[in-house]
Amino acid sequence: MTRVLEEAAVPPAPRYWLMKSEPDECSIDDALAAPDATVAWTGVRNYQARNFMRDAMRVGDGVLFYHSSCAEPGIVGIARVASGTRADPTQFDAASPYFDATSRLDDPRWLLLDVQAVRKTRVLGLPELRAVPALADMVVLRKGNRLSVMPVEAAHWALIVGELLA
């Protein structure tokens, strides 16, 4: 019985994620300049990405901060998940590009969580990622993948953070 209690007290291993942001909306510099280097990750409007945030992401999980829709897309920083999910207020703001007229206050469709920037890195772009055979099956490198939140395998995280961005 004691062993079962001891095992239950061990926190689960961290998970790792890649989160895309357009730098004119929220850049790594914006995140680092925010109070406590923490920003609310608003505007996620894909069910699979929302479900990752809601069902799988936990405080303390590692995040590869990725700039997209810019001149040089790629990983630009290391961050961590800093909160659990809550309703994204932009879905209720008619002036927001993320407004969703069908979402209800009593049952919000879209969620956000806080992300805390840890450090800025050099830009690690897709061509460089693709050139590393050990990263060949990384989700962000799959054709047609446009998710803004996606899982990163622990081995990929270790290689990127421990070697490519060290």
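Owing to the predicted nature of the structure, the values given are computational and were not obtained by experimental measurement. The basis for the numbers below is simple: all heavy atoms, side chains too, and nothing from hydrogens, waters or symmetry mates.
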Within the structure provided, determine whether [X] and [Y] are in side-chain contact (heavy-atom separation under 4.5 Å).
| X | Y | result |
| --- | --- | --- |
| D88 | V44 | no |
| F65 | S27 | no |
| P89 | L112 | yes |
| V63 | M19 | yes |
| L124 | L129 | yes |
| Y98 | Q91 | no |
| I78 | L64 | yes |

[atom2] on [Y] to [atom1] on [X], rounded to 0.5 Å:
| X | Y | atom1 | atom2 | result |
| --- | --- | --- | --- | --- |
| Y16 | I160 | OH | CD1 | 12.0 Å |
| E22 | S68 | CD | OG | 5.0 Å |
| C26 | I28 | SG | CD1 | 8.0 Å |
| D93 | D100 | CG | CG | 12.5 Å |
| T90 | W110 | OG1 | CH2 | 10.5 Å |
| S103 | F99 | OG | CZ | 9.0 Å |

**Q.** From CA spacing to verdict: side-chain hydrogen bond (donor to acceptor under 3.5 Å, both in side chains), W41, D114
**A.** CA-CA 6 Å; W41 207 266; D114 293 326; over 6 Å; no
Q: Specify the closest pair of heavy atoms between C70 and P73, including all atoms of both residues, with the distance to one decimal.
A: O-CD, 3.4 Å
Q: Looking only at non-hydrogen atoms, find the nearest pair between L113 and G84 and report the distance.
A: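 Of all heavy-atom pairs spanning L113 and G84, the closest is CB-O, 3.7 Å.
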Q: Check for a donor-acceptor pair, side chain of Q116 on one end and backbone N or O of D36 on the other, with a separation under 3.5 Å.
A: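 Judged by distance alone, yes, a pair lies under 3.5 Å.
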Q: With sequence neighbours excluded, give me every side chain to side chain donor-acceptor pair (under 3.5 Å) pair touching residues 117-132.
A: D29-K120, R122-E128
Q: Walk me through it: do V76 and Y66 pass the test side-chain contact (heavy atoms from CB on, under 4.5 Å)?
A: CA-CA 6 Å; V76 295; Y66 185 99; over 6 Å; no
Enumerate donor-acceptor pairs with a distance under 3.5 Å from any side-chain N or O in residues 132-152 to protein atoms, sequence neighbours excluded.
residue, atom, partner, partner atom, Å
D137, OD1, H156, NE2, 3.0
N145, OD1, L147, N, 3.3
N145, ND2, V139, O, 2.9

Side chains of residues 50-60: which donor-acceptor pairs under 3.5 Å do they make with residues two or more places apart or in other chains?
residue, atom, partner, partner atom, Å
R50, NH1, R109, O, 3.0
N51, OD1, R54, NH2, 3.2
N51, ND2, Y47, O, 3.3
R58, NH2, A13, O, 2.6

